[in-house]
Amino acid sequence: MSIGLHNSEFKNPVVRWVDQRLPVFTMMQKEYGTFPTPKNFNYFWNFGALAMVTLMIMIATGIFLSMHYVANTSLAFDSVERIMRDVNAGWLIRYVHMNGASMFFIVVYIHIFRGMYYGSYKAPRELLWILGVVIFLLMMATAFMGYVLPWGQMSFWGATVITNLFSAFPVVGEFIVQLLWGGLSVDNPTLNRFFSLHYLLPFVIFGVVFLHVAALHITGSNNPLGIEPKGPQDTLPFHPYYTAKDSVGLVVYFIVFAVLVFFAPNYLGHPDNYIPANPLVTPPHIVPEWYFLPYYAILRAVPDKLGGVLLMFGSILIWFVLPWLDRSPVRSMRFRPLARPFFLLWAVNFLVLLWVGGKPAEGHYVLIARIATAYYFAYFLVILPLLARLERPLPLPESISRPVLGGGPLPAGAAAKPMEKA
Amino acid sequence: MLRNSFKALALAISLFAAAPAHAAGEAIAIPDAKFSFDRMFGTYDRASAQRGFQVYKEVCSACHSMRLVSYRNLRELGLTEAQVEAIAAQFQIVDGPNDEGQMFERPGRPSDRFRRPFANEAAAAAANNGKAPPDLSVMTKARAGGANYLLALLTGYEDPPPGFVLADGAHYNKYFPGYAIAMGAPLNPDQVEFADGTSATVEQMARDVSTFLQWAAEPELEQRRALGVKIIIFLTILAGLTYAVKRKVWADVEH
């Protein structure tokens, strides 16, 4: 790169003056204006944008909540209720933040489902995928600590159960737990550090999201066919085509969000969290927030504490190596007749884990949780590696515009012909 | 494309359906009392909530605090400023310290929180067999079943079935988890005298006080639903517009 003013194409003198010295306008134009995007996205490709918007909503509402929230065990519960009663529009801000966490997880789960179904984790997008898993882990930590802040019964006992898991690790376990607690039990120091970290982590997420998007703009987006665009006839500029399409998804998303906030704000919560935390009274059933239930089910499916903790963390850490567990060169499940049903079963299995995680760990629920846990891991460790060798994928279309214009994939022989369009 | 959207929707719905994970040991069916506020666009029955406040004031407040609610909040139930001032003034509130460093008592003001029956949690526990009666400010949000559960509980006292061993000082209630509740049946017929002539049956008082407690727990409910209707109408129109724009933008693309 040469030193000197950037060669700006903008005509407006003020924009041009800035752009020559700091080409932010050129960058925005390149990354969100003319950015070549496959023309065949379906509405599943809305969910990345939805997650981004949700993150911004959570940060905005969270900043206002923190102006009124008091991170002290004797005041936290009442300060949240004060927000609900006496702060202008406080009930709205708090319910948006509280339900926003659930909406965030719904959106991100669908986003991850889309990535798995269409093989978006495969080369050259491995690092993009890994950054996504990092974001998800940060989200889980942030959500967990946020749920502790109202200092209700589930806040307190959820925090106690989850932080205690770390004590299962040999040698360092005890040290980690005391570091999390800031003492010898979940108490005021715990609440204070959780509040501090709950404020910090969303900005870390924002940073990793920036890297996630930066990596996306190097490789370009995957698409429902899972084949790379062969030329300009396969892509459209991001604006106005996908800004328009994302807007439709965003408004529909807001409608769902609004129904939850205005008509069922406590539907996804637990009534026990409206009882102030009491270290002397244990609730009959301690359950985490709904979005953690699949991992909670895996934890409880294992009779051994350390084993359960390792499997629980492993259930997400395994996503990091997914690009290397699935060696099939075909990305989209549309062209993988065997992998497709196995993956859809995995998705249903995930919902089964979510359901069974909310049930008491007794009777046939334990058996269901164990079978579902076994399939969860078998899909990654056995089925995907085997299918890469055994499966005969369907013939891929020649290009993105080809099936759109000509209809239907080409016969098997034709797909093997060298591509001439590129 | 449409098929995929349906898939996304189905996934979202199944996530919701699986969500209420309130694992209960043994679920006791709670009858639906058909409260006015339980309907999707329902509001509070002001007359019932005012009677409910009277029941709370004359019966429940002997043991149960409502530390998050102020006398001024009663304006939202339709009481006038003068009525609220008169109600607040009935209570002696501990204030201070004054210039001499002494705590003192003064008549309540609308800005005061409801006076607590006990000076502190330990005093409340000492006077009630070792366990403090819970605060009622957010009670309907803190129990599965909400106001329906409270109404059922307040009217659910009966003699224990043969063979049921009741601990000393406990009372049998068919809606209480475990059936043995420390609180004795709090309501008796004609325990309060309603100014509007409503007959003070146990069922009536229980319904009124449940309505009052639901209002105390969710005072924003009516405002929230009214705003929600406007916002959803606005978003629905906006969805139509954005979809029309999207169709127009994509009109020249074969896809």
Side-chain angles (χ1 to χ4, degrees), chain A residues 39-40 42-44 47 78 81-82 84-85 91-92 95 102 105-106 109-110 113-114 152 224 236 240-241 244-245 247-248 250-252 254-256 258-259 261-263 265-268 270-276 284-285 287 290-291 293 347-348 351 354-355 357-360 401 404-405, chain B residues 1-5 7-8 11-12 14-25 40-41 67-70 73 134-135 137-146 177 217-220 223-229 231-232 235-236 238-239 241-243 245-250 253-255:
Chain A
K39 64 197 284 185
N40 60 331
N42 54 34
Y43 274 98
F44 272 122
F47 284 86
D78 286 8
E81 276 301 319
R82 204 187 96 79
M84 295 296 293
R85 289 154 192 273
W91 60 268
L92 179 59
Y95 276 157
S102 287
F105 274 91
I106 290 172
Y109 278 140
I110 295 172
F113 170 84
R114 189 269 286 159
L236 292 167
Y241 293 98
K245 193 164 179 174
S247 301
V248 176
L250 190 63
V251 177
V252 173
F254 280 160
I255 292 175
V256 178
V259 168
V261 165
F262 292 103
F263 293 98
N266 291 309
Y267 176 68
L268 294 170
H270 196 294
D272 277 17
N273 224 31
Y274 281 107
I275 304 172
H285 298 286
V287 284
W290 69 267
Y291 37 78
L293 291 175
V348 172
L351 296 178
L354 199 160
W355 165 75
K359 300 289 175 195
S401 18
V404 175
L405 299 175
Chain B
M1 188 185 292
L2 197 64
R3 203 165 58 103
N4 283 328
S5 322
K7 270 192 231 154
L11 183 72
S14 51
L15 279 172
F16 270 85
H22 320 140
M40 191 156 195
F41 305 108
R67 68 177 195 286
L68 300 171
V69 185
S70 302
N73 296 129
D135 185 271
S137 309
V138 288
M139 190 45 93
T140 62
K141 287 199 286 190
R143 294 291 182 274
E218 295 192 289
E220 89 297 341
Q223 198 195 351
R224 166 158 60 77
R225 288 173 177 174
L227 184 60
V229 169
I231 284 181
I232 287 170
L235 285 173
T236 308
L238 189 63
L241 287 174
T242 48
Y243 188 64
V245 168
K246 187 256 171 191
R247 286 286 295 255
K248 194 160 161 52
V249 166
W250 282 75
V253 181
E254 292 199 62
H255 63 285

>> Give me the atom names and distance for the closest heavy-atom approach of A:Trp91 to A:Met84.
In response: CB-O, 3.7 Å

>> At a 4.5 Å cut-off on heavy atoms, which part of A:Leu250 comes close to chain B: side chain, backbone, both, or neither?
In response: neither

> Looking at A:Val252, A:Ile255, A:Leu92, which makes the most heavy-atom pairs under 4.5 Å with chain B?
Replying inline: A:Ile255

> How are the rings of A:Phe113 and A:Phe44 set relative to one another: parallel (under 30°), tilted (30 to 60°) or perpendicular (over 60°)?
Replying inline: tilted

> Considering all heavy atoms of both residues, which atom of A:Gly357 and which atom of A:Leu293 are nearest to each other, and what is their separation?
Replying inline: O-CD2, 3.5 Å

> In terms of heavy-atom proximity below 4.5 Å to chain B, should A:Val261 be classed as side chain, backbone, both, or neither?
Replying inline: backbone

> Closest heavy-atom contact between A:Tyr109 and A:Tyr291?
Replying inline: OH-O, 2.8 Å

> Which bit of A:Tyr95 comes within less than 4.5 Å of chain B, counting heavy atoms only: side chain, backbone, both or neither?
Replying inline: side chain

>> Tell me which of these, B:Gln223, B:Arg224, B:Lys248, has more heavy-atom pairs under 4.5 Å with chain A than the rest.
In response: B:Arg224

>> Out of B:Val245, B:Val138, B:Val229, B:Val69, return the one with the most heavy atom pairs under 4.5 angstrom to chain A.
In response: B:Val138

>> So which residue, B:Asn73, B:Thr236, B:Leu235, B:Thr140, ends up with the most heavy-atom pairs under 4.5 Å with chain A?
In response: B:Leu235

>> Looking at chain B, which one of A:Ser102, A:Pro284, A:Pro265 has the largest number of heavy-atom pairs inside 4.5 Å, strictly under?
In response: A:Pro265

> Relative to chain A, which of B:Met139, B:Arg247, B:Glu220 shows the most heavy atom pairs under 4.5 Å?
Replying inline: B:Glu220

>> Ignoring hydrogens, what is the shortest heavy-atom contact between A:Val248 and B:Thr242? Give both atom names and the distance.
In response: CG2-O, 3.5 Å

> If you take all heavy atoms of B:Ser137 and B:Arg67, which pair is closest and at what distance?
Replying inline: OG-N, 3.2 Å

>> Please classify the contact of B:Leu68 with chain A as side chain, backbone, both or neither, using a heavy-atom distance under 4.5 Å.
In response: both

> Does the side-chain contact (heavy atoms from CB on, under 4.5 Å) test come out yes or no for A:Asn266 and A:Tyr274, once each step is laid out?
Replying inline: CA-CA 10 Å; A:Asn266 291 309; A:Tyr274 281 107; 2.8 Å; yes

